[in-house]
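Chain letters run A, B, ... following the sequence lines, proteins first and then strands; every chain starts at 1.
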Number of protein chains: 2
Amino acid sequence: MPNNSNLDLEAAESWAKKYFLASRALMEFVLRPYDLGTTQWYVLYLLAHDEPINQRELTRTLEIERATLSAVISALVRKGLVEQISDPHDQRQKLLQLTIAGRNLWATLPDPIGLITAVAFDGVDDTEIALANRVLRDATQRLNNYKNERKSI
Amino acid sequence: MPNNSNLDLEAAESWAKKYFLASRALMEFVLRPYDLGTTQWYVLYLLAHDEPINQRELTRTLEIERATLSAVISALVRKGLVEQISDPHDQRQKLLQLTIAGRNLWATLPDPIGLITAVAFDGVDDTEIALANRVLRDATQRLNNYKNERKSI
DNA sequence: TTGCTATTGTTAGGCACCTAACTAGTTTGT
DNA sequence: ACAAACTAGTTAGGTGCCTAACAATAGCAA
């Protein structure tokens, strides 16, 4: 029964995935002319507001793994937008800061997040958005708890 | 102001992303012992219920690009779980079907989607889930519409 | 001081997503 | 009938996510 399969899949994937993919796609679409990926943009955003930051700190803010961030940073360094400097107080850590080119680029960038929020939720009842967020937040917490319990056993 | 930045980021990323990442992580955790990725599981699921399917059809069901599916299928073929057969009626198309090994593996697999739904939403009010889904679905549609309008201009 | 342990970042390899460009078939239009 | 346009799948290259294993540094303890 192909129809049945499709319905199951709909329920399974859920709209959270589709929303996430659609918002990421729009963000990539907006950033493509600047040759920037979504996480690269977040890094520039954070550096533009609070500099310098060490990578360890960034992994916590962005909630991604060290290895993942390492690749993102190396892309930004390759593009000449960000510099890595060894922290004199701890040679293991690397401080990140924007280069002149990075700062100049940042000044010309649009705000993809503002756009996404505006397009996605403009005119939508605030209480409905809050409820949806709460449902997702609680569900996320349950999933993470469940996984962490199994993991440690 | 680091605090301010973090708050903006929280709002920006939204719980849809976190929910999606958490559910994918749990699904990967469940499937890891079987050396299967999430999309690989979906393909096996669809083939186990309705076989054979051609790749073109699968890209529509899974809502992913041809190139993406091509890589997923080639992984499944490499693992000996799926066979690709040229469609005699249209040599361009390839029909997919499970191998014996694929069918045997499928019989031993747990249902990661059922688990995720149970863990994430057990005991949650149905109307709240429905509302959250509606909010996300509408937002997704607005994002996609917006992007498609810009794209075609 | 020497040696174990913990932490930071990188590298290697895998999955899942994308676009762009290619090949090989099929269809259509004149 | 044949060239043009379309379609199905692959390949190449990019992003973003992960785990596992490694090097270098730091810190602590005997």
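Residue Lys79(B) has a polar side-chain atom (N or O) positioned under 4.0 Å from OP1 or OP2 of dC15(C). In this structure, Gln91(A) does not reach the dA24(D) phosphate: none of its side-chain N or O atoms is under 4.0 Å from OP1 or OP2. Here Ser70(A) reaches the OP1 or OP2 of dT10(C): one of its side-chain N or O atoms lies under 4.0 Å away. For dC15(C), neither phosphate oxygen OP1 nor OP2 lies less than 4.0 angstrom from any side-chain nitrogen or oxygen of Thr38(B). Phosphate contact (OP1/OP2 of dT10(D), side-chain N/O of Ser74(B), threshold under 4.0 Å): absent. Note on Arg60(B): every side-chain N or O is 4.0 Å or more away from OP1 and OP2 of dT7(D). Here Thr68(B) reaches the OP1 or OP2 of dC18(C): one of its side-chain N or O atoms lies under 4.0 Å away. For the OP1/OP2 pair of dT10(D) and a distance below 4.0 Å, the side-chain nitrogens and oxygens of Gln55(B) include at least one atom meeting the criterion. Between Gln93(B) and the phosphate of dG25(C), there is no side-chain N or O to OP1/OP2 separation shorter than 4.0 Å.
Checking Leu98(B), Asp35(B), Ile100(B), Leu76(B) one by one against Leu81(B), the side chain to side chain contact (heavy atoms under 4.5 Å, CB included) holds for a single residue, Leu76(B).
Here the closest heavy-atom approach between residue Ala118(B) and residue Asp122(B) is recorded as O-CB, 2.8 Å. The two residues Trp41(A) and Ile113(A) have their closest heavy-atom pair at CZ3-CG1, 3.7 Å.
Regarding Leu21(A), its CG atom lies at a distance of 19 Å from the P atom of dC15(C), rounded to whole Å. In this structure, Gln84(B) atom CD and dG9(D) atom P are separated by 9 Å, rounded to whole Å. Regarding Leu69(B), its CG atom lies at a distance of 12 Å from the C1' atom of dC17(C), rounded to whole Å. Atom CZ of Arg32(B) is separated from atom P of dC17(D) by 17 Å (rounded to the nearest Å). Atom pair Arg56(A):CZ and dA24(D):P shows a separation of 22 Å (rounding to whole Å applied). The nearest whole Å value for the distance from the CG atom in Leu44(A) to the P atom in dT15(D) is 13 Å. Atom pair Leu62(B):CG and dC15(C):P shows a separation of 16 Å (rounding to whole Å applied). Rounded to an integer number of Å, the gap from CZ of Arg66(A) to P of dA23(D) is 15 Å.
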Start with the C-alpha distance between Tyr19(B) and Phe121(B), add both sets of side-chain angles, then the distance that settles ring-ring contact (aromatic ring centres under 6.0 Å, His included), and finish with yes or no. CA-CA 12 Å; Tyr19(B) 170 78; Phe121(B) 297 113; 5.8 Å; yes

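A donor-acceptor contact closer than 3.5 angstrom links the side chains of Gln84(A) and Gln55(A).
Side-chain proximity of Asp90(A) to dT25(D), dC15(C), dG9(D): nearest is dT25(D). Of the candidate nucleotides dC18(D), dC18(C), dT11(D), dC18(D) has the atom lying nearest to any side-chain atom of Ala67(A).
Both Asp87(A) and Thr59(B) lie near DNA chain D, and the one whose nearest nucleotide falls closer to the 5' end is Thr59(B). Position along DNA chain C of the nearest nucleotide to Glu65(B) versus Ala75(B) favours Ala75(B) as the more 5'-ward residue.
Side-chain atoms of Arg92(A) and base atoms of dT7(C) include a donor and an acceptor less than 3.5 Å apart.
Within the nucleic acid shown, Glu28(B) has no heavy atom closer than 4.0 Å to any nucleic acid atom.
One finds no salt bridge joining Lys94(A) and Glu83(A) here, because no Lys/Arg side-chain nitrogen approaches an Asp/Glu carboxylate oxygen to under 4.0 Å.
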